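Here is the structure we will look at.
Note: hydrogens, waters and symmetry copies are ignored here, and every other heavy atom, side chains too, is used. The model shown is predicted, which means the values in this text are computed figures rather than measured ones. Letters A, B, ... are given to chains in the order of the sequence lines, protein chains preceding strands, and every chain is numbered from 1.
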Amino acid sequence: MMALAAVAALVATVFLALIRAYLGPTVYDRVVAVNAIGTMTVLLIAAVGFLMGRPEFLDIALVYALINFIGTIAVLRYIKRRRARDAEEAESAEGAEGAP
Amino acid sequence: MRHALSLFVGLYGLWLALSGHYTPFLLAIGAACTAFAVAVALRMDVVDHEGHPIHLGYRIPLYWSWLTIQILLSALTVTRIVLSPRLRIDPVLETLPSSQKSDLGKVIYANSITLTPGTLSTNVTADGIEVHALTRRGMDELKEGGMDRRVTAVEGEE
Amino acid sequence: MDPQAQGPRAIDIYVDILLLVLLVAAALVVVTLRNLLAAALVLGIYSLIMAALWVVLDAVDVAFTEAAVGAGVTTVFMLLAIAATGRHEKIAHRRPWLPILASLAVGGLMIFGTLDLPAFGDPQAPAQQHVAPHYLEQGEAETGVPNIVTAVLASYRGFDTLGEVTVIFTAGIGVLLMLGVASRRRRAGESDDDDTGDRS
Amino acid sequence: MIVDILSWISIGIGAAFILVGGLGLVRMPDVFTRLHAASVADTAGAGFILLGFMFQAGLSLNALKLVLIFVFLVFTAPTASHALAHAALLDGIRPWTRKPKDPAP
């Protein structure tokens, strides 16, 4: 039964993180939410595995832990690069305006 | 070469732990795959003392057990803050000095800071580590330098 | 096996309901968000929840694919598409009745189709009668692979899996190429973006 | 029996920490403070829940896998948090601070 309590707490936390993802306000808040939900999913899979007497699910939880991390880093790198490009464009636009 | 060997042992241990089936055929395949992975890693030139800090030896588990207690204590502190109705937080952002000589030591220190709830490293430079803390008290505790000294001790003589 | 696994699966139903509620909530969030970047990220969350649901439904290999393709590759593709177009949704001026009707019709057809499906876990279902018992009984002897899912995927359906792996591999290379091209163009234009010497 | 009780206590504590993390994620005022809350769930919460399952798994390969999951989480969580905070700072997001003489919210 305790595993069910763990599942309930995990699902509740996913819900709270979903609220955070909805409210934002910045992209980074949402990435925090996605990252937290990823961790919760890892634990959720382990918990469900024990709940259903299928500890093999641990292998999947293991892989998820890695996918989650790589996904977060990829999205962050992407956002960072795009922000840099946006700033560059804004700069060159300003320069063009200031020229005449 | 020492590091390549430790990488092989680590990867093969992982294979054995995840496989759970120990027939000669599967063991041989595992050894072959591990050797291939190590060869690729060698070619990529990522096998060094930073990726495989075996020289830290027994000091690292000792440090981890100390860090675990710190994490628990600060997790309780943050829990109290989150559950308090008035949300008594006072975030500060400051650059702290770090006494580690190697990059590896700095990384261990910065990650330890991030791992303890309530403090978060936001930037690592040559002269120090920029830290965001949830409360001024958390920052002051970090400033006392207990963790800094311990990480430097773990790092040892280079 | 564990007796818990064969008892009345009431616990499964609770977990299913919780996850499905979350799934609907995530879908509603995606639909209501006007910021497309945020919507793409929440779509990744949707995929993660979906993957957890696949695990509960015992479709572990599908869960793997959902997490890797749904939460990973698709998110990156979405972000790339947003970068190429715009970050905010254009608000439609008139009600798009035809698309709404079309989606409702397709959804209704899907639900109608599920009526003919056998009940979940029904022992009389065709899937349990045809090749599955043979695989389960003879799998280890015929292929020498101890894990039945692996035996089916890597041996009985080896060519099918080879095709799938090729698709995923190609997708991975595609993502890497797109990200790589973007980074090379940037590096040519300006200095390293990790330089933070001017801060603090 | 004792192992069961230990396992339940551990899972209960972990679930509580995880809920605290989720609550903090919603209550905290800015992205950095939210990261602090999330790290409670990532370290203490995940650690206790996995420890609880380790008691159930006993001395087996599954317990080892639980340890591995924990190790992965503990190694990746600070890296992701650091990258996130670093990127947010570079993007010009200023940390929320309590203004002097500002009454607590």
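With a 6.0 Å radius and a threshold of 12 heavy atoms from other residues, nucleotides or ligands, B:Y22 has its OH atom above the threshold.
Of the listed residues B:T79, B:V78, B:I113, B:L76, the one with more heavy-atom pairs under 4.5 angstrom with chain D than any other is B:T79. The residue among B:L83, B:L72, B:I89, B:L115 with the most heavy atom pairs within less than 4.5 Å of chain D is B:I89.
For B:S121 and D:H82, the side-chain atoms include at least one donor-acceptor pair closer than 3.5 Å.
Of the atoms belonging to B:S84, it is backbone heavy atoms, and not side-chain ones, that fall under 4.5 Å from chain D. Heavy atoms closer than 4.5 Å to chain D are found in both the backbone and the side chain of B:L134. For a residue to count as touching a neighbouring chain, one of its non-hydrogen atoms must lie under 4.5 Å from one of that chain's; by this rule D:F17 touches chain B with the side chain only. Looking at D:L23, the atoms closer than 4.5 Å to chain B (heavy atoms on both sides) sit in the backbone and in the side chain alike. Using a 4.5 Å cut-off between heavy atoms, B:T119 contacts chain D through its backbone alone, with no side-chain atom that close. Heavy atoms closer than 4.5 Å to chain B are found nowhere in D:L84, neither backbone nor side chain. Heavy-atom distances place no part of B:A110 under 4.5 Å from chain D, backbone and side chain included.
Side-chain contact between B:T114 and D:S39: absent, with no pair of heavy atoms (C-beta onward) separated by less than 4.5 Å. With contacts defined as side-chain heavy-atom distances shorter than 4.5 Å, the pair D:F32/B:P91 does not qualify.
Relative orientation of the D:H36 and B:H132 rings is parallel, given thresholds of 30° and 60° on the angle between their planes.
When all heavy atoms are compared, the tightest approach of B:A75 to D:A44 is CB-CB, 3.7 Å. Contact detail for D:R27 and B:V82: the closest heavy-atom pair is NH1-O, 2.6 Å.
To the nearest 0.5 Å, atom CG of residue D:L64 and atom CG of residue B:L18 are 8.0 Å apart.
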Pair B:L14, D:L68 - check side-chain contact (heavy atoms from CB on, under 4.5 Å), show working. CA-CA 9 Å; B:L14 190 66; D:L68 277 176; 3.5 Å; yes

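When atom types are taken as modelled, the side chain of D:H86 and the backbone of B:T122 share a donor-acceptor pair closer than 3.5 angstrom.
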